[in-house]
Each structure stands twice: as structure tokens, then as C-alpha cells.
Colleague: 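Pasting in a structure now, in C-alpha cells, and then I'll have a few things to ask.
Fair warning: this is a prediction, and the values are worked out from it, not measured in the lab.
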Amino acid sequence: MRKIFLISIFYILFGCTEEGKTYYYTITNNSGVNVEIIPYTQQGDLILGKKTTLLNGQSINKKDFDGTPGGGSPNIVRAIPSDESLTKVEFVFNNMKKNIYQKCGISINGIVGDCNNIRNIFREDYNNEQNEVYTITPEDYQNAIESGGNCNYNMCKHNFF
């Protein structure tokens with residue numbers, strides 16, 4: 001019995017580490033127009049089958065458990081439905097204007113993503129807490145790039161970088 005007690009004490013003192021964290025993500029559309037959120041594959045192709053439409057005032061929420069010891073790191077784009085880890089996302093406003101956000105990093109071709117854009121959903125500002133909220137604003141809509149007509153994914157220009 002004493003041996004079990006000592007092993008239990010040892011486990012409590014040295015064996016218990018934080019076994020992950022639960023994260024809560026919310027993306028809210030307060031832009032004044034409907035917004036489609038479209039993820040890209042790792043190869044840079046649109047994943048139209050995972051497109052999410054947010055009506056004005058609507059939100060998507062996700063509770064995400066990261067079982068990595070210490071909880072890994074927050075990533076609000078996990079709220080966007082996809083079967084892969086996202087590094088690029090497109091927001092299409094009212095089927096007429098859009099913003100493309102890309103994870104910041106360095107590739108053999110140089111810097112990837114607009115690391116200085118304060119609205120980039122991949123910035124650490126939106127990915128550093130257990131409770132993260134990203135709000136799509138009227139300014140996002142105003143600052144979005146005109147698509148030159150109906151943005152129907154065949155005519156819409158996708159070469160912004």
C-alpha cells in the first residue's frame with residue numbers, strides 16, 4: 001500500500017502536465033453585406049466545396065481542443081471548415097469585392113503573405129488567446145479589391161500576390 005501511495009505522489013508531482021487546451025473561435029460578419037469565406041489548398045487552389053457564407057450579422061463558432069502538451073497554439077482559421085491546415089483564405093463581399101489573406105512566412109521566392117496588413121486573419125493579434133474573435137467590418141468591405149464584375153470564380157481574378 002505504501003508503494004502505491006509513493007508512486008501516486010510521484011506521479012502527481014512529476015507526471016502531471018497540461019495535456020492540451022480548448023480554444024474558442026468566432027468569426028463574425030459585421031461588414032454590412034454577405035461574405036463568403038473560401039479556403040485554399042496547400043497547393044494554392046480554392047476549395048469551393050468548403051465555402052462558408054456569412055450573412056451580415058451572422059457568425060461561425062468553433063470549439064477546438066488541441067491535445068498537444070501545453071495546448072499547441074491558437075489558430076482562428078480553424079473555425080473555417082476545411083480538411084487541411086489553412087495558409088490562405090479568401091473573403092468575397094457581396095460577390096463583387098474580395099480580400100485574400102495568407103499566412104506570413106518566408107519561401108524560396110521571398111516573403112509570403114502581407115504580414116503588415118493589420119486585418120490579415122493569420123496575424124498573431126488574432127491567434128494568441130484561448131478565446132479569439134475576428135470581426136469582418138465595413139472597413140474590410142470598403143478596402144476590398146474590386147473583382148471587375150461578378151465574382152463567380154471563373155471570371156474572378158485570383159492573382160493578388
Side-chain angles (χ1 to χ4, degrees), residues 20-68 71-161:
K21 289 183 180 176
T22 300
Y23 295 96
Y24 301 91
Y25 304 116
T26 301
I27 300 174
T28 301
N29 177 14
N30 286 340
S31 68
V33 298
N34 297 341
V35 176
E36 293 175 334
I37 302 173
I38 309 166
Y40 281 72
T41 65
Q42 295 287 326
Q43 295 74 34
D45 299 318
L46 289 166
I47 310 173
L48 293 175
K50 295 292 183 174
K51 173 179 72 172
T52 301
T53 300
L54 286 178
L55 304 177
N56 186 49
Q58 196 174 37
S59 298
I60 52 175
N61 301 291
K62 182 166 185 184
K63 177 181 174 182
D64 187 47
F65 178 76
D66 188 329
T68 308
S73 60
N75 187 348
I76 195 163
V77 295
R78 290 179 185 156
I80 301 168
S82 176
D83 297 328
E84 56 184 276
S85 178
L86 298 180
T87 57
K88 191 173 180 181
V89 189
E90 181 172 295
F91 289 4
V92 179
F93 297 86
N94 235 20
N95 215 24
M96 299 300 285
K97 297 172 84 173
K98 68 180 177 177
N99 285 324
I100 298 175
Y101 299 114
Q102 189 168 359
K103 188 173 184 177
C104 298
I106 299 175
S107 75
I108 58 172
N109 297 324
I111 295 177
V112 177
D114 187 0
C115 303
N116 295 321
N117 182 347
I118 62 170
R119 296 301 299 150
N120 187 339
I121 195 168
F122 291 97
R123 282 179 59 106
E124 186 177 329
D125 306 16
Y126 308 111
N127 295 285
N128 60 4
E129 301 291 335
Q130 275 185 268
N131 232 346
E132 288 291 352
V133 177
Y134 182 89
T135 303
I136 305 168
T137 66
E139 291 79 21
D140 292 328
Y141 173 63
Q142 292 299 323
N143 295 328
I145 298 168
E146 294 282 344
S147 66
N150 189 14
C151 194
N152 66 6
Y153 314 110
N154 291 325
M155 298 171 61
C156 205
K157 298 172 187 165
H158 294 287
N159 50 354
F160 287 82
F161 296 101

Colleague: Are K21 and D66 ion-paired here, with the side-chain N under 4.0 Å from a carboxylate O?
Modeller: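 Salt bridge: no.
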Colleague: Angle between ring planes, Y25 versus Y23, binned at 30° and 60°: parallel, tilted or perpendicular?
Modeller: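 Ring orientation, 0 to 90° scale: parallel.
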Colleague: On a heavy-atom basis, which atom in I60 and which in A79 lie closest, and how many Å separate them?
Modeller: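 Closest heavy-atom pair between I60 and A79: CD1-O, 3.6 Å.
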Colleague: Distance from D64 atom CG to T22 atom OG1, nearest 0.5 Å?
Modeller: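 If I round to the nearest 0.5 Å, the distance is 8.5 Å.
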Colleague: Has the side chain of N143 got a donor or acceptor atom that lies under 3.5 Å from a matching backbone atom of E139?
Modeller: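 Answer holds: yes.
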Colleague: Apply side-chain contact (heavy atoms from CB on, under 4.5 Å) to residues I38 and I47 and explain how you reach the verdict.
Modeller: CA-CA 7 Å; I38 309 166; I47 310 173; 5.6 Å; no
Colleague: Could you tell me which non-hydrogen atom of N30 sits nearest to which non-hydrogen atom of P138, and how far apart they are?
Modeller: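 Heavy-atom minimum between the residues: O-CD, 3.2 Å.
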Colleague: When rounded to the nearest 0.5 angstrom, what distance separates CD1 in I80 from OG1 in T52?
Modeller: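 Nearest 0.5 Å value for the CD1-OG1 distance: 7.0 Å.
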Colleague: Could you verify whether a donor N or O on one side chain and an acceptor N or O on the other, from Q130 and Y24, lie under 3.5 Å apart?
Modeller: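 Looking only at side-chain atoms, Y24 and Q130 do not form any donor-acceptor pair under 3.5 Å.
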Colleague: Look up atom OG in S82 and atom NZ in K51, then write down how far apart they are to the nearest 0.5 Å.
Modeller: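 So the OG of S82 and the NZ of K51 are separated by 15.5 Å.
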Colleague: When you measure from the centre of the six-membered ring of Y141, is the NZ or CZ of K97 under 6.0 Å away and within 45° of the axis?
Modeller: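 Yes.
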Colleague: Hey, what do you get for CG (N117) to OH (Y101), rounding to the nearest 0.5 Å?
Modeller: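 Output value for this atom pair is 5.5 Å.
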Colleague: Looking only at heavy atoms, which two atoms of L86 and P39 are closest? And how far apart?
Modeller: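 Scanning both residues completely, I find the closest heavy atoms to be CD2-CB, 3.5 Å.
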Colleague: Which heavy atom of I145 sits nearest to which heavy atom of N99, and what is that distance?
Modeller: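 In this case the closest contact between I145 and N99 is N-OD1, 4.1 Å.
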Colleague: In Å and rounded to the nearest 0.5 Å, what is the CZ to SG distance from F122 to C104?
Modeller: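 Taking CZ in F122 and SG in C104, the distance rounds to 9.0 Å.
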Colleague: I need the N34 CG to N94 CG distance, nearest 0.5 Å.
Modeller: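 The CG atom of N34 sits 6.0 Å away from the CG atom of N94.
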Colleague: Between Y126 and R119, do the side chains contain a donor N or O and an acceptor N or O under 3.5 Å apart?
Modeller: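 Checked: R119/Y126 side chains pair up, N/O donor to acceptor below 3.5 Å.
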Colleague: Counting only N and O atoms by type, is there a donor-acceptor contact under 3.5 Å from the side chain of Q58 to the main-chain atoms of L55?
Modeller: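 Side chain of Q58 to backbone of L55, a donor-acceptor pair under 3.5 Å: yes, one is there.
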Colleague: Keeping N127 on the side-chain end and I121 on the backbone end, is there a donor-acceptor pair under 3.5 Å?
Modeller: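 Indeed, once roles are kept as given, a pair shorter than 3.5 Å links the two residues.
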Colleague: If you look at every heavy atom in S59 and L54, which pair is closest and at what distance?
Modeller: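 Closest heavy-atom pair between S59 and L54: C-CD2, 3.8 Å.
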Colleague: Quick check against the 3.5 Å criterion: does T135 have a side-chain atom that pairs as donor or acceptor with the backbone of T137?
Modeller: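 Side chain of T135 to backbone of T137, a donor-acceptor pair under 3.5 Å: no, none is there.
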Colleague: Closest heavy-atom contact between N95 and E36?
Modeller: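 Closest approach of N95 to E36: OD1-OE1, 4.3 Å.
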Colleague: Taking the side chain from N120 and the backbone from Q102, do they hold a donor-acceptor pair closer than 3.5 Å?
Modeller: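 Flag set: sc N120 to bb Q102 pair under 3.5 Å.
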Colleague: Is it true that atom CD of E84 has more than 12 heavy atoms of other residues, nucleotides or ligands lying nearer than 6.0 Å?
Modeller: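 Correct, the count exceeds 12.
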Colleague: Report the C-alpha distance between I27 and I37 in whole Å, list the side-chain angles of each, state the deciding distance to 0.1 Å, and finish with yes or no for side-chain contact (heavy atoms from CB on, under 4.5 Å).
Modeller: CA-CA 10 Å; I27 300 174; I37 302 173; 4.1 Å; yes
Colleague: Ignoring hydrogens and angles, tell me if any N or O in the side chain of N29 forms a donor-acceptor pair with the backbone of V33 under 3.5 Å.
Modeller: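 Checked: pair present.
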